[in-house]
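What follows is a single structure, written as structure tokens, with notes after it.
Note that the coordinates shown come from a computational prediction; the quantities given were computed from them, not determined experimentally. Every chain is numbered from 1, with letters handed out A, B, ... down the list of sequences.
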Amino acid sequence: MREISLHIMDIAQNSISAGAKNIYIEVYENINENILKVTIIDDGKGIDSDILDNVTDPFVTSRKTRKVGLGLSLFEAACKRCDGGLSVKSKLGEGTEVTAILKYDHIDRAPIGRISDTIVSLILSGDIDIKYKHRVNDKIFEFDTKEIKKTVGDDIKEPEILRWIKEYIDEGIKNIDGGVWE
Amino acid sequence: MKTIQELEEIRKNTLDRVNQRRDRNTTRIVVGMATCGIAAGARPVLLAIMDEVEKLNLKDVIVAQTGCIGVCRLEPIVEVIRPGEDKVTYIKMTPEKARRVVNEHVVGGKVVEEYVMHIVDGKIINDYTVEKD
Ligand SMILES: Nc1ncnc2c1ncn2[C@@H]1O[C@H](COP(=O)(O)OP(=O)(O)OP(=O)(O)O)[C@@H](O)[C@H]1O
Ligand SMILES: [Mg+2]
């Protein structure tokens, strides 16, 4: 994928398929230690331990429309290419946590990309709440759909509201010097 | 700076619309968002549709996303479901094609045949651009 934000979208899509109600996404640009860390945690149905052992194998999938599952294996490949790795922790009935680590300045690392587009797209997927945290060294930007809902009510899928959210996130990441396109 | 006041303003403006919207008059536009769709460019397609819906100020339209629709090589896939009409499935969408679908099909009621997937006896038969690649 051309952007880390597209991987995030794809991994969060697994969470939605797993019936998650809450998704927590964190992007941590630890430039001091030259690490980009991405964490996605959900409260979906979790992964069976026998699947979990091989979950990043492309031939492991529970989907019925085709025989390969690409999302996790693609993201893992991208991490490994950048001297990092991907880990998946999960407990049936509780949820799943995906952590991806990449070397920040690795030449093959995709740019973080349009996080705001990913979050807005995820909001359109149904009844989920998304909490997003972006860190650049010690600077932090946070966004939570639950906070937005306090102001505008539960229906945040109107185009004007989504546009506001998009611009709010873009601005927030820019304010902490998030390296979105580098 | 984006402010919460702005958000409150927006809410006032959209509230009436949300209340007026009745499901039987509502057109649904659904974009497939599995790995294959995302890799093929589904996210910009989804956002172009949102943008067009906002620009045209369409009231009875819901934009949504869903997982894999099943035919990866035809992604990005967009489905349009107008009230009382059969679902129409558009394949190999781009932001430009999607804007055209919103204008001509969702607003104008005229299906954009060039982009439609046709299935006969369980086989996809239409689209020569598919054969070519
Ligand atoms: N967050 C999650 N919660 C529950 N199960 C998950 C989660 N993430 C992945 N899985 C399980 O792992 C399998 C592999 O996931 P992966 O994203 O690699 O492929 P996929 O989702 O099946 O297909 P694709 O991503 O290509 O659309 C899934 O089919 C699902 O069974
Ligand atoms: Mg997946």
Give a yes or no on whether the backbone of B:I4 and the side-chain of A:W164 come within a donor-acceptor separation of less than 3.5 Å.
no
Atom CE of B:M33 and atom OG of A:S121: how far apart are they, to the nearest 0.5 Å?
4.5 Å
Sub-4.5 Å side-chain heavy-atom contact between B:T35 and A:M1:
yes
NZ/A:K139: more than 12 non-hydrogen atoms of other groups inside 6.0 Å:
yes
State, to 0.1 Å, how close B:T14 and A:E160 come at their nearest heavy-atom pair, and which atoms those are.
CG2-OE1, 3.6 Å
What residue in B:M50, B:Q65, B:K12, B:E6 has the most heavy-atom pairs under 4.5 Å with chain A?
B:Q65
Structural part of B:I10 lying under 4.5 Å from a heavy atom of chain A
side chain
In terms of hydrophobic clustering (I, L, V, M, F, W, Y; side-chain heavy atoms under 4.5 Å; direct or indirect links), are B:V107 and B:M93 co-clustered?
yes
What part of A:L162 gets within 4.5 angstrom of chain B, counting heavy atoms only: side chain, backbone, both, or neither?
side chain
From CG (A:D10) to CD1 (B:I38), nearest 0.5 Å
4.0 Å
Please indicate whether A:K89 has more than 12 foreign heavy atoms, meaning atoms of other residues, nucleotides or ligands, lying under 6.0 Å from its NZ.
no
Is it possible for you to say whether A:V88 and A:I41 belong to one hydrophobic cluster, with membership spreading through side-chain heavy-atom contacts below 4.5 Å?
no
How far does CG of B:L46 sit from CG of A:D117, to the nearest 0.5 angstrom?
9.0 Å
Applying side chain to side chain contact (heavy atoms under 4.5 Å, CB included), name anything that partners A:R163, two or more places apart in sequence or on another chain.
A:E167, B:D51, B:E54
Part of A:S17 lying under 4.5 Å from any heavy atom of chain B
neither
Give a yes or no on this: more than 12 heavy atoms of other residues, nucleotides or ligands lie within 6.0 Å of atom CZ of A:F141.
yes
From A:I165 CD1 over to B:K2 NZ, what is the distance, rounded to the nearest 0.5 angstrom?
11.0 Å
Verify the cluster assignment for A:I156 and A:I119: are they in a single hydrophobic cluster under the rule of side-chain heavy atoms below 4.5 Å apart?
yes
Heavy atoms, side chains only, cut-off 4.5 Å: are A:T118 and B:R43 in contact?
yes
Using the rule that Ile, Leu, Val, Met, Phe, Trp and Tyr join whenever any side-chain heavy atoms are under 4.5 Å apart, tell me whether A:I8 and A:I123 fall into a single cluster.
yes
Hphob cluster co-occupancy, A:L72 + A:L74, side-chain heavy atoms under 4.5 angstrom
yes
A:S73, part contacting chain B, at a heavy-atom distance under 4.5 Å:
neither
In terms of heavy-atom proximity below 4.5 Å to chain B, should A:V120 be classed as side chain, backbone, both, or neither?
side chain
Heavy-atom count check: over 12 atoms from other residues, nucleotides or ligands less than 6.0 Å from B:R28 CZ?
no
Interface check, chain B: of A:R114, A:K157, A:R2, A:H7, most non-hydrogen pairs under 4.5 Å belong to A:R114
A:N14, part contacting chain B, at a heavy-atom distance under 4.5 Å
neither
For A:K133, look at atom NZ and say whether over 12 heavy atoms of other residues, nucleotides or ligands are found less than 6.0 Å away.
yes
Where does A:L122 contact chain B at under 4.5 Å (heavy atoms): side chain, backbone, both or neither?
both
